[in-house]
Structure formats: C-alpha cells, structure tokens
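One structure is given here, and the rest of the page talks about it.
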Amino acid sequence: MSVNFEQTIDRALTRSMAMAGSADAAEIERSRRHRYIPSQQLYFATARPTEHADIIVYNDQLHEPTWDIRSARPGTTGDRHELVLRRPD
C-alpha cells in the first residue's frame, strides 16, 4: 500500500475526529511527523518493500485506488489498473 506521507497526517486527523468527536490536531501532527513518518522512511530505506512486492496499491485517491502488478522480471512493472469500490446499497 502506498500513500503520500502528507495524506497520512490528514487521514489520521479525520479518523480521530470521527472516532472521538474531537482531536488534538497538533499532537496528531507532531506524532506523525516525528514518529510515524521517520519510522516509515527507515522501513522503506532498509526493507525496500516495493522491490519485493508483486502488487503495489496506490491509495493517494482514497476512493479510487490504482495498482501496479509487477512482472516476474526484477525492476519492471506491469500495467497500472483502476479499482472501483462500490458500497453495498
């Protein structure tokens, strides 16, 4: 799963507001910027998960994710696809 780090802050604020009805926005942003994002950057730099993934889901557009299906050859990617999510009626 891939999403822009700035969007993770916005989504964390949205989730906190929805769950608790209010949120300490400054604390959530501080936590994301000083703990979550640096941890994720370290993980991506050391584990390089996208190099090992068969499918990478790009979730920047929350309700319109796309994905790459990797071919068997290292360093190549397949076509990008669009996933359409529908809520049940």
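Keep in mind that this is a model prediction, so the values were computed, not measured.
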task = Side-chain contact test, heavy atoms from C-beta onward, threshold under 4.5 Å: evaluate it for Tyr43 versus Pro49 and give yes or no.
result = yes
ask   = In Å, rounded to the nearest 0.5 Å, how long is the span from CG of Asp68 to CG of Asp54?
value = 12.0 Å
key: Where Asn59 and Gln7 come nearest, the two heavy atoms and their spacing   = O-OE1, 4.3 Å
note = The residue among Val3, Asp60, Val57 that forms side-chain contact (heavy atoms from CB on, under 4.5 Å) with Pro65 is Val57
remark   = By salt bridge (charged side-chain N to carboxylate O under 4.0 Å, His left out), Arg35 pairs with (sequence neighbours left out) none
task = In plain terms, say whether Arg30 and Glu27 are close enough for a salt bridge, that is, a side-chain N and a carboxylate O under 4.0 Å apart.
result = yes
task = For residues Ala12 and Ile28, report the shortest heavy-atom separation together with the two atoms involved.
result = CB-CG2, 3.8 Å
query = Would you call the rings of Phe44 and Phe5 parallel, tilted or perpendicular if under 30° counts as parallel and over 60° as perpendicular?
reply = tilted
inquiry  = Can you tell me how far apart CZ (Arg32) and OG (Ser39) are? Round to the nearest 0.5 Å.
reply    = 10.5 Å
task = With sequence neighbours left out, write down each residue that passes side chain to side chain contact (heavy atoms under 4.5 Å, CB included) with Glu6, or none if nothing qualifies.
result = Asn4, Ile9, Arg33
key: Intermediate values then yes/no, side chain to side chain contact (heavy atoms under 4.5 Å, CB included), Asp10 and Arg15   = CA-CA 9 Å; Asp10 294 339; Arg15 278 192 303 272; over 6 Å; no
query = Would Trp67 and Ile56 satisfy side chain to side chain contact (heavy atoms under 4.5 Å, CB included), going step by step from the backbone distance to the final call?
reply = CA-CA 5 Å; Trp67 69 90; Ile56 300 173; over 6 Å; no
